[in-house]
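Take a look at the following structure, please.
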Amino acid sequence: MAAGVSRRWCVHDIPDDRCYWCGDYIGPTTMHVDHVHPIARGGAHEPENTVNVCPFCNLSKGAMTPLTWIASMFDESMPTGDRLRQCDL
């Protein structure tokens, strides 16, 4: 088994399988692993810098830092589809 695969399942062991960012349910087939501090911005590829997230949150965050990503959700100049959907938590 590849190192990335074993890391993925190790990171998956969280209570209730919820997205770290929005709280939505994520199953093992839809879960993404996000680097809180993006590697592209100097973040480490270490378990302490990874969280389980839903595909929407991971793909919309991309290489942004959490603060930049959250601020972008409130930027009214962005198309609505590019802002985080509102979740019932």
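Being a predicted model, the structure only gives us computed values, none of them experimental. Computed from heavy atoms alone, side chains included, the values below leave out hydrogens, waters and symmetry copies.
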Assess the residue pair R18 and I26 against the criterion (side-chain contact (heavy atoms from CB on, under 4.5 Å)); give the C-alpha distance rounded to whole Å, side-chain angles, the decisive distance to 0.1 Å, and a yes or no. CA-CA 6 Å; R18 300 286 174 174; I26 46 175; 5.8 Å; no
Looking only at non-hydrogen atoms, find the nearest pair between A40 and A63 and report the distance. CB-CB, 4.1 Å
Among all residues two or more places apart in sequence or in another chain, which pass the side chain to side chain contact (heavy atoms under 4.5 Å, CB included) test with D34? W21, V51, V53, N58, K61
hydrophobic_cluster_shared for Y25 and L59, side chain cutoff 4.5 Å: no
Please say yes or no: joined through hydrophobic side-chain contacts below 4.5 Å, possibly via intermediate residues, are I70 and Y20 part of one cluster? yes
Tell me whether V36 shares a hydrophobic cluster with L67, the cluster being built from Ile, Leu, Val, Met, Phe, Trp, Tyr side chains joined at under 4.5 Å. no
Closest heavy-atom pair and its distance - N49, A44: ND2-O, 2.8 Å
Of all the heavy-atom pairs spanning T68 and M64, show the shortest one and how long it is. CG2-SD, 3.9 Å
Determine the minimum heavy-atom distance between C19 and C54, stating which atoms define it. SG-N, 3.3 Å
If you look at every heavy atom in M31 and N52, which pair is closest and at what distance? SD-OD1, 3.2 Å
Which residues pass the side chain to side chain contact (heavy atoms under 4.5 Å, CB included) test with I39, sequence neighbours left out? H35, H45
